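What you see is a predicted model; the values in this text were computed from it and never measured.
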Amino acid sequence: MGTYASDVAFSNAVKRMQTERGSRAAYQRVERRGFPTEVTGELRGFLAQLDTAFLATASADGQPYVQHRGGPKGFIRAIDAHTLGFVDFAGNRQYISTGNLSENPRVCLFLIDYAERRRVKIWGAARIVPATDALVAQLGDPTYRARPEQVVLISVHAWDVNCPQHIPRKFDEADVAAVVGRLQARIAELEAQLAARAPTDNGEKAP
């Protein structure tokens, strides 16, 4: 962490590039305003709607890696004002993120709500801990069918809301199915009304 919370993203090289390309003055105002460093109600509300995330880690020598993480809606939860946690479910057993975190705790969470075209970046330091009954009860969802393997705890250093540019609007399958179901029911209702009003074989309308 540097003088400003935003230094977690705006390194000296980044600031130099901003100066060269004309955006430095705008981001100096961002620095003075500051990136949030605590988990706020706004962030909690955003996390409550998400069932997918992208976790960026790097090895000790700086080799980057990004891994998808998913679960039931709200699977990433605030433990306190400075800590997030989620249950890490059993997967393909490559353990790249886990291995990276064993030697380099720095992480970035990249989160997108496609339906609302919102994205949030969270920087911090992560550690892997056992999936104890207490942590799984606190962070997990008993209705979600997956085997907890471990728990990831993230100490939040800073977070920022990104602009919605170029985010395609997408909707969850369940939400689309609900809308389509209502439309199909309405179509069936209207078709039934039309059929009831259609002329009979003798040219008269049905009663």
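Under the 3.5 Å distance criterion, the side-chain polar atoms of Arg147 are left unmatched by any main-chain donor or acceptor of Ala90. Between the side chain of Arg119 and the main chain of Asp113, no donor-acceptor pair closer than 3.5 Å is present. Remark: side-chain polar atoms of Asn104 are not paired, donor with acceptor, to backbone N or O of Asn100 under 3.5 angstrom. At distances below 3.5 Å, not a single donor-acceptor pair connects side-chain atoms of Arg69 with backbone N or O atoms of Leu109. In this structure, the side chain of Glu103 engages the main chain of Ala60 through a donor-acceptor pair within 3.5 Å.
Each of Val107, Thr98, Val66 was checked for a side-chain contact (heavy atoms from CB on, under 4.5 Å) with Thr57, and the lone residue meeting it is Val107.
Within 6.0 Å of CZ on Arg127 lie no more than 12 heavy atoms contributed by other residues, nucleotides or ligands. For Gln138, the CD atom is densely surrounded, since the number of other residues' heavy atoms within 6.0 Å is greater than 12. Counting heavy-atom neighbours within 6.0 Å of Asp61 CG, excluding the residue itself, gives a total above 12. Open room surrounds CG on Asn12; 12 or fewer heavy atoms of other groups in view lie less than 6.0 Å from it.
Taking the centre of each ring, Tyr144 and Phe75 stay at or above the 6.0 Å mark.
Counting only heavy atoms from C-beta outward, the side chains of Val39 and Trp159 never approach each other to under 4.5 Å. Within the 4.5 Å cutoff, the side chain of Glu38 has no heavy atoms near those of the Leu43 side chain. Considering only heavy atoms from C-beta on, Asp88 stays 4.5 Å or farther from Glu149 through its side chain.
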Open item on the list: Please determine whether salt bridge (charged side-chain N to carboxylate O under 4.0 Å, His left out) holds for the pair Lys15 and Asp7, giving the CA-CA distance in whole Å, both sets of side-chain angles, and the decisive distance to 0.1 Å.
Closed with: CA-CA 9 Å; Lys15 292 177 183 180; Asp7 285 351; 2.9 Å; yes
TODO: With side chain to side chain contact (heavy atoms under 4.5 Å, CB included) as the test, would you mind laying out the steps for Val30 and Arg33 before giving the verdict?
DONE: CA-CA 5 Å; Val30 171; Arg33 184 175 71 246; 3.7 Å; yes
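Under the rule for a side chain to side chain contact (heavy atoms under 4.5 Å, CB included), Ser102 has no partner lying at least two apart in sequence or in another chain.
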Less than 3.5 Å apart, which donor and acceptor atoms pair up between the side chains of residues 169-183 and the rest of the protein, not counting sequence neighbours?
from, atom 1, to, atom 2, distance (Å)
Arg169, NE, Ala115, O, 2.9
Arg169, NH2, Ala115, O, 3.4

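Counting only residues at least two apart or in different chains, ring pair (Phe, Tyr, Trp, His ring centres under 6.0 Å) contacts with residues 23-54 comprise Phe10-Tyr27, Phe10-Phe35, Phe35-Trp123, Phe54-His68.
Atom CD of residue Gln49 and atom CD of residue Glu116 lie 8.5 Å apart, to the nearest 0.5 angstrom.
Side-chain polar atoms of Gln150 and Tyr95 form no donor-acceptor pair below 3.5 angstrom.
Both Ile122 and Ile128 are members of a single hydrophobic cluster when ILVMFWY side chains are connected at heavy-atom separations under 4.5 Å.
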